[in-house]
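Structure first, then comments.
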Amino acid sequence: MLLIHCPYCEETLPEVEFVHAGQAHIARPDLPSSQTDEEWEAYLFIRTNEKGIHAERWRHVHGCGRFFNALRHTVTDQFLTTYKAGEPRPELPVEGGDQK
Amino acid sequence: MTTTLSSRHPGVLATSPAVEVSLAEPRGRLSLRARGDLTPFARVLGFALPERIGQRAEEHDIRAIRLGPDEWTLNTPMAAVQRLLEAFAAIYPDHPHSLVDISGREVSLVIEGAQASDLLSIGCARDVEAIPAGEGRRTMFDGTTVVLWKDAADSYRLDIWNSFAPHVLDLLKTGCAELAAEARQA
Ligand SMILES: [Zn+2]
C-alpha cells in the first residue's frame, strides 16, 4: 500500500483514504465559448501521459476532503512530494525525497 | 436481515474479554462550514473552534472536532441543537457560513477496553494507536467513511452513517469473536 502525505492534515496516511483525480495544473479556459474545437478538445482530453515524474491531483476524500497536488514517478510509483492546491509545481529535486 | 441501529436501544452490542462495543446515547450533531475570521463563531459557542485538523475542543458538553480546512462537526446534547441553530442564524448576515443539522444521519459506537485498538485495526488502515488521546480523525473503516474520536488509549467513539452502521457492527462482532477465541487459546 502507498503512503501519501496530505498537505492539509500534515500526516502521511494509507492510500485507501485518497482518490486520484487526474493531471494537475490544467486551467479551465476563462471563456469556453471563445475556444476553437481543437483548443476545447485539448483542454478536455489531451494529457501528457508522462513516463516519469507526473504532477497530478489527489483528493483526501476519506479524511479532510481536500484536493491537493502530488509529484509522483509513474514508473516507480514513488511520491516525491505533495503540495496544496493553488501552489506552483515545486522545483526538483525536492528536498527530502520521498515522504516526510 | 439488517436492522437500523438507530432503532435500537443504547447499550452493549458485542463483547470479548478485553474489548466491548456499545451503542451510544443519541446526540445532537451539527456540520459547520466556515472560512475567514472564526472569532464570531467562538463567541456563539463559548469556546474557540479547534485550529488543526483532527483537534478537538469542548465546553459545557458541546464538542467540536475539526475535520477539514473549513469544516467542523459539533457534537452536542439533543437539547442544545435548536439553541445553537438559532444563535448561528443570528450571526449569519455578517458571517456567512453553513450549519446543517445532521443529528439523524449517524449513530455512534463506543469501543472500550485494552484491545480496543486491536479491534479497530481489522477495518482501519491507519495506525489508530498513533492518534493522540483527546483528538479524532475522519478516516475509513472497511470501506466506510467514519469519524473516529479517541478519548483515551483504550477508548474510542466511532460516528457512522446509519446505512453503513449494520455492516460496521457486524465486522466488529466478528472481530470481538476472534479476539475472544484468541484469549481462550492463550
Ligand atoms: Zn487531508
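Just so we're on the same page: letters track the sequence lines, and every chain starts at 1.
Contacts between R137(B) and chain A at a heavy-atom distance below 4.5 Å involve the side chain alone, from C-beta outward. Heavy-atom distances place the side chain of E11(A), and not its backbone, under 4.5 Å from chain B.
Annotation: maximal heavy-atom pairing with chain A below 4.5 Å, among G68(B), G54(B), A125(B), occurs at A125(B). Put simply, of V147(B), T145(B), V146(B), the one with the most heavy-atom pairs under 4.5 Å next to chain A is T145(B).
Between the OG atom in S16(B) and the CD atom in E178(B) there is a gap of 10.5 Å [rounded to 0.5 Å].
A donor-acceptor pair shorter than 3.5 Å cannot be found between the side chains of R138(B) and T73(B).
In the displayed structure, E87(A) atom CD is contacted under 6.0 Å by more than 12 heavy atoms of other residues, nucleotides or ligands.
Of the candidates I102(B), V107(B), D101(B), I102(B) is the only one forming a side-chain contact (heavy atoms from CB on, under 4.5 Å) with R105(B).
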